[in-house]
Amino acid sequence: MEIAKPADIPVLRVSSGNIRSDALNPDHRFASMPLHILNKDGRPGMTRRQCTGEYKVKPIKQKVRELLGHPYPSRIPKGVFVEQWVGISTDEFHRAKDADVKYMRNRHPLLDLNWSRADCIRYLTSLGLADTPKSSCLGCPFHGNAQWRHIRDTSPSEWADVVEFDAAIRQGNARANAAGSRLLGEAFLHRSRVPLSQAPIDHVTAAERAAVPLGADEADELENGVADSCSPWACRGDADALAQDDFGLAT
């Protein structure tokens, strides 16, 4: 905001509500986040990731339609579209995709520049913006140990917040999918499937140690086997989510 405003670049914020409140509300339709599940028979599982589509992509599309002057359910005339710039770098070129609707056309300027993440960091550093954080949801179950430690060690209030939510999803009303099916087992934010307050987040894996020169975020990438960026068009859990079966879903 502080950079965009002087440049007369409008920043628009959209929302589909609060996913955490929705997860714990028994009367609310809930599109699930990818929670780690411990089934009653002891098997591990993971709920499907529906949060990106419901809480990010859907409200963005609604706003785009509004900007075009054709809010849902009106039909958008042929040839009317927005050009949407998506910040995917060469490190994640495989995630660059066309939009799934005709009224949005994707461009990938970092790919046009042939910029990697390292190039982006160098550019931000030259502008005095080296501490620009990556985007991710505070309590995302795809966080690795380095990210959990960073929250705990740098923001006690946010750490208390995610610990409280982690406990609530086992005591409250976490649902497995958008249809409202209940979980068969217990849900956790940390992949160890123990309460976040007790999770082994101080454990530093071999991959994390090897990535120390790259920083904590890159260490998490190696540790988790998934990219660390998280946007509506390149969610860090895409690969994991597609590979998951229906463990933890009620039948």
Side-chain angles (χ1 to χ4, degrees), residues 15-56 133-178 180-205 208 216-217 219-221 223-226 228-230 235-238 240-241 244-250:
S15 174
S16 257
N18 187 309
I19 188 172
R20 297 204 224 175
S21 298
D22 294 347
L24 301 174
N25 183 350
D27 299 320
H28 196 283
R29 173 185 175 275
F30 172 55
S32 73
M33 62 181 72
L35 299 170
H36 301 281
I37 302 300
L38 186 63
N39 287 288
K40 292 181 179 179
D41 62 3
R43 289 186 306 148
M46 198 169 194
T47 55
R48 290 187 176 187
R49 179 183 56 81
Q50 298 166 315
C51 46
T52 297
E54 286 293 318
Y55 290 87
K56 294 180 181 179
K134 297 178 183 179
S135 64
S136 65
C137 297
L138 178 61
C140 179
F142 285 126
H143 283 344
N145 284 352
Q147 282 184 292
W148 288 125
R149 288 197 303 272
H150 179 76
I151 296 171
R152 181 196 64 188
D153 298 342
T154 63
S155 180
S157 62
E158 290 183 333
W159 176 247
D161 183 39
V162 291
V163 167
E164 180 181 2
F165 178 66
D166 175 70
I169 58 177
R170 286 184 296 284
Q171 301 167 2
N173 198 67
R175 305 292 184 93
N177 57 34
S181 299
R182 291 183 177 277
L183 300 176
L184 289 176
E186 290 186 296
F188 301 87
L189 291 184
H190 193 268
R191 63 179 178 271
S192 64
R193 295 173 176 83
V194 299
L196 186 58
S197 60
Q198 304 169 28
I201 65 173
D202 285 312
H203 172 66
V204 179
T205 66
E208 190 179 339
D217 291 324
D220 266 343
E221 291 181 19
E223 184 182 1
N224 295 326
V226 295
D228 192 45
S229 61
C230 192
C235 178
R236 65 177 295 184
D238 280 341
D240 270 9
Q244 296 298 331
D245 199 348
D246 289 345
F247 292 123
L249 302 187

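Just so we're clear, the structure is a prediction, and the values are computed from it rather than from any experiment.
Looking at every heavy atom in both residues, Asn18 comes nearest to Ser21 through OD1-N, 3.1 Å. Scanning both residues, Ile19 and Cys51, for their nearest heavy atoms gives CD1-CB, 3.4 Å. Between Pro34 and Phe142, the closest heavy-atom pair is CG-CE1, 3.4 Å. Across Val162 and Gly139, no two heavy atoms sit closer than the pair CG1-CA, 3.9 Å.
To the nearest 0.5 angstrom, Gln147 atom CD is 8.0 Å from Cys140 atom SG. One distance of note links CZ of Phe165 with CG of Leu138; it measures 10.5 Å at 0.5 Å rounding. If you take CG on Leu35 and CE on Met46, they are separated by 8.0 Å, rounding to the nearest 0.5 Å.
A donor-acceptor contact shorter than 3.5 Å is absent between the side chain of Asn145 and the backbone of Val204. Asn39 places no side-chain N or O within donor-acceptor distance of the main-chain N or O of Asp41, the cut-off being under 3.5 Å. With His143 contributing its side chain and Cys137 its backbone, the two residues share a donor-acceptor pair below 3.5 Å. With hydrogens and angles disregarded, no donor-acceptor distance shorter than 3.5 Å links the side chain of Arg49 to the backbone of Met33. At least one donor-acceptor pair closer than 3.5 Å links the side chain of Ser16 to the backbone N or O of Glu54. Under a 3.5 Å cut-off, the side chain of His190 and the backbone N or O of Ile201 do not form any donor-acceptor pair.
The salt bridge (Lys or Arg N to Asp or Glu O under 4.0 Å) contacts involving residues 192-204 comprise Arg152-Asp202, where partners must be two or more places apart or lie in separate chains.
The aromatic rings of Trp148 and Trp159 sit perpendicular, their planes meeting at an angle over 60°, well past the 30° parallel limit.
For Asp153, the salt bridge (Lys or Arg N to Asp or Glu O under 4.0 Å) criterion is met by no residue, not counting sequence neighbours.
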Would Phe188 and Asp166 count as a side chain to side chain contact (heavy atoms under 4.5 Å, CB included) if you check the C-alpha gap in whole Å, the side-chain angles of each, and the deciding distance to 0.1 Å?
-> CA-CA 6 Å; Phe188 301 87; Asp166 175 70; 4.2 Å; yes

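Between Arg191 and Pro44, the closest side-chain pair of non-hydrogen atoms is not below 4.5 Å. Residues Val194 and Pro200 have side chains in contact (heavy-atom distance under 4.5 Å, counting atoms from C-beta outward).
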